Amino acid sequence: MSQGRAASRDAVSGQLTERAGQGGPRTLPPLRIVAPEIEGPEDVVADADGTLFAGAADGAIWRLRVSAPGAVDEATAVAHTGGRPLGLQPLPGGELLVCDAVRGLLCVDPRHGTVRVLADEVAGAPLRFASNVTTAADGTVYFTVSSRRYGLDEWLGDFLEHTGTGQLLRLRPGGSPEVLLDGLQFANGVALAPDESFLAVAETGACRLTRYRLTGPRAGTADTLADGLPGYPDNISPGPDGAFWVALARPRSAGVALLHGLPRGARRTAWEVLKRLRLSLPPHPTARVLAVRPDGGPAWDLRAVRSPYRMVTSVCRTADLLALGSVAERGIAVCAFPGADGSSPAR
C-alpha cells in the first residue's frame with residue numbers, strides 16, 4: 001500500500017553535513033578513466049565475482065573486467081536495451097535487472113544479449129523515468145521512479161521545480177508493480193540493508209537518504225536514514241563492508257536551496273525560462289562519494305575538488321577498487337580503495 005510522506009518522517013538516524021566522516025572528507029585517490037568508448041555510464045555495478053556492468057547513453061549494456069586501477073582485461077557491449085539504461089542490479093543467475101528511462105524495468109541476459117520487459121506500466125499508467133533497482137533474496141524487486149512529471153531529457157526541470165513526484169515501487173515475483181512511497185523528491189538510488197530489514201532510498205532533491213522499513217512492527221513506514229548530505233545523492237550500491245556507497249552528483253547549492261523555498265509557480269517559471277533560453281546546469285568539477293553505515297552514520301567520505309571526471313552519478317566498491325560512473329562523462333573512473341591496505345577512514 002502506498003505510504004504518504006507525512007505518515008513516515010518521524011525520526012532521523014544520521015546527520016551528515018559538510019564535516020561528514022571523522023573531521024571532513026579525505027582526498028579521493030587518483031582516478032584513471034577506462035573504457036572511454038562508453039558514453040554516459042550513469043550506473044556502474046559489480047556482480048559477486050567483481051565483474052563490472054554499466055549502461056551507456058546509446059542503450060548498450062557493457063561488461064568490464066578490471067584487474068587493477070587502469071588495467072582493463074575486458075570491455076564488451078553485451079546487450080542493447082533499445083532505450084536509455086540507468087540503474088542496474090546483477091542477479092545470482094547471471095542476468096541483470098535494468099531500469100530503462102524509456103522502456104521501464106527490464107531483465108537483460110549478458111550471456112545471450114536478450115532483453116525482457118518486466119514492467120512498463122504502473123496501475124495502467126506508462127512507467128517512465130525508472131531510475132534504480134535492487135532485489136531481495138526472495139526475488140522481490142524494488143525500484144524507483146525519479147519523476148512522474150518529467151522524463152530523463154528534462155530531469156533538470158524536476159530538480160529545479162522540486163515537484164515531489166518520485167516513487168518507490170515493489171514488484172513481487174509474478175505480480176504487478178505496487179507503489180510503496182509517493183511524493184519523493186527526485187527518487188534515485190535504492191539499496192537493501194544487509195539483513196534486508198529496510199531499503200535506503202536517495203532523494204536527490206532533498207539531499208537525504210530515506211529508510212523504508214520492510215520488517216518489524218514499523219514495517220511499511222519510512223523515516224530518515226541520513227539527512228543534511230553535503231551534496232545531491234544519486235545512485236546507491238551496497239559495499240562488501242555492509243555500508244551504503246552513495247555518489248554525490250554535485251555539491252549542495254545555496255541558489256538551488258533558495259529556489260526550492262519559493263512558491264511552486266515561481267519554481268516552474270524558473271525552469272521554463274531556462275528551457276526557453278536552452279540553458280543547463282553544467283557539471284561541477286567535484287567528485288565526491290560517501291559510505292553510510294546501516295545506522296545512518298558516516299563510514300567514508302572521499303572527495304576530489306578539481307576532478308577531470310565530473311557529475312559522479314554512481315560508485316561501486318569491490319574488494320580493492322572503487323568504480324565511478326557519470327551520466328555526463330565518457331568512460332568509467334577507477335581508483336584503488338583507500339582502505340584495501342587496512343587503513344581506517346578516520347583522518
Side-chain angles (χ1 to χ4, degrees), residues 1-12 14-18 86 101 122-123 125-132 144-169 179-190 200-212 221-235 246-284 286 288 311 313 327-328:
M1 180 173 64
S2 174
Q3 299 286 332
R5 302 300 295 159
S8 59
R9 192 150 307 281
D10 53 6
V12 176
Q15 184 77 14
L16 292 172
T17 66
E18 187 60 35
L86 298 177
V122 179
L127 174 57
R128 62 184 306 194
F129 211 164
S131 185
N132 201 237
T144 56
V145 168
S146 290
S147 173
R148 287 181 291 115
R149 184 185 299 274
Y150 296 103
L152 177 62
D153 57 336
E154 291 189 324
W155 69 269
L156 185 57
D158 191 280
F159 179 69
L160 295 179
E161 193 175 323
H162 211 47
T163 68
T165 60
Q167 296 177 316
L168 171 67
L169 299 100
V179 178
L180 299 180
L181 283 178
D182 208 343
L184 301 175
Q185 290 293 349
F186 206 96
N188 216 319
V190 60
V201 183
E203 289 191 75
T204 303
C207 294
R208 69 176 167 233
L209 303 184
T210 289
R211 173 175 48 200
Y212 182 82
T221 67
D223 56 17
T224 299
L225 176 66
D227 207 356
L229 299 181
Y232 300 101
D234 206 291
N235 287 315
V246 184
L248 300 182
R250 63 185 299 117
R252 294 180 73 151
S253 164
V256 170
L258 179 63
L259 179 63
H260 286 174
L262 297 178
R264 175 176 295 182
R267 302 195 303 266
R268 181 175 296 181
T269 298
W271 161 240
E272 292 295 336
V273 169
L274 287 177
K275 184 168 65 171
R276 192 177 309 118
L277 297 176
R278 298 184 179 181
L279 299 177
S280 63
L281 198 64
H284 195 280
T286 295
R288 192 167 185 177
M311 198 173 181
T313 51
V327 73

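Quick caveat: nothing in here was measured; it's all calculated off a predicted structure. Throughout, residue positions are numbered sequentially from 1 according to the sequence presented.
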Identify the heavy atoms of Val246 and Pro233 that sit nearest to each other, and give their distance. CG1-CB, 3.7 Å
Nearest non-hydrogen partners of Leu184 and Leu168, listed with the distance: CD1-N, 3.9 Å
Exercise: identify the closest heavy-atom pair between Glu203 and Thr210: OE2-OG1, 2.6 Å
Which atom of Leu281 lies closest to which atom of Phe159, heavy atoms considered: CD2-CE2, 4.2 Å
Can you tell me if Asn188 and Ser131 form a side-chain donor-acceptor pair at under 3.5 Å? yes
Take Thr165 and Tyr150 through the test side-chain contact (heavy atoms from CB on, under 4.5 Å) and record every step on the way to the result. CA-CA 9 Å; Thr165 60; Tyr150 296 103; over 6 Å; no
Would you say the side-chain atoms of Gln167 pair up with the backbone N or O of Leu181, donor to acceptor, closer than 3.5 Å? no
As a quick check of understanding, evaluate side-chain contact (heavy atoms from CB on, under 4.5 Å) for Val327 and Leu152, giving each step before the final call. CA-CA 11 Å; Val327 73; Leu152 177 62; 5.5 Å; no
For Tyr232 together with Phe186, are the ring centres under 6.0 Å from each other? no
Between CE on residue Met311 and OG1 on residue Thr286, distance to nearest 0.5 Å: 13.0 Å
Arg148: which residues meet the salt bridge (Lys or Arg N to Asp or Glu O under 4.0 Å) condition with it, sequence neighbours left out? Asp182
Taking all heavy atoms of Ala270 and all of Leu259, pick out the closest pair and write down the distance. CB-CD1, 3.8 Å
Without swapping roles, check the side chain of Arg252 against the backbone of Cys207 for a donor-acceptor pair under 3.5 Å. no
Between CZ of Arg267 and NE2 of His162, what distance do you get to the nearest 0.5 Å? 6.5 Å
Grab the two heavy atoms, one from Ser280 and one from Leu156, that are nearest each other, plus how far apart they are. CA-CD2, 4.0 Å
Is Tyr212 close to Thr221 at the side-chain level, that is, under 4.5 Å between some pair of heavy atoms? no
Test item: Ser146 side-chain N/O and Ala187 main-chain N/O as donor-acceptor pair under 3.5 Å: yes
Interatomic distance, Arg288 atom CZ to Leu229 atom CG [nearest 0.5 angstrom]: 9.5 Å
d(Trp155 CH2, Leu160 CG) to nearest 0.5 Å is 7.5 Å
Check ion pair Glu161-Arg268 (N to O, under 4.0 angstrom): yes
Would you call Val122 and Val179 a side-chain contact if the rule is heavy atoms closer than 4.5 Å? yes
Quick one: are Pro251 and His284 in side-chain contact, heavy atoms under 4.5 Å? yes
Non-hydrogen side-chain atoms of Leu209 and Thr224 separated by less than 4.5 Å: no
If you apply the rule side-chain contact (heavy atoms from CB on, under 4.5 Å), what do you find for Glu154 with Lys275, and how did you get there? CA-CA 9 Å; Glu154 291 189 324; Lys275 184 168 65 171; 3.3 Å; yes
Presence of salt bridge, Arg208 and Asp227, under 4.0 angstrom: no
Do Asn132 and Leu86 come within less than 4.5 Å of each other through their side chains, counting heavy atoms only? no
Has the side chain of Thr204 got a donor or acceptor atom that lies under 3.5 Å from a matching backbone atom of Asp234? no
Carefully, step by step, assess Asp158 and Ser147 under the rule side-chain hydrogen bond (donor to acceptor under 3.5 Å, both in side chains). CA-CA 7 Å; Asp158 191 280; Ser147 173; 2.5 Å; yes
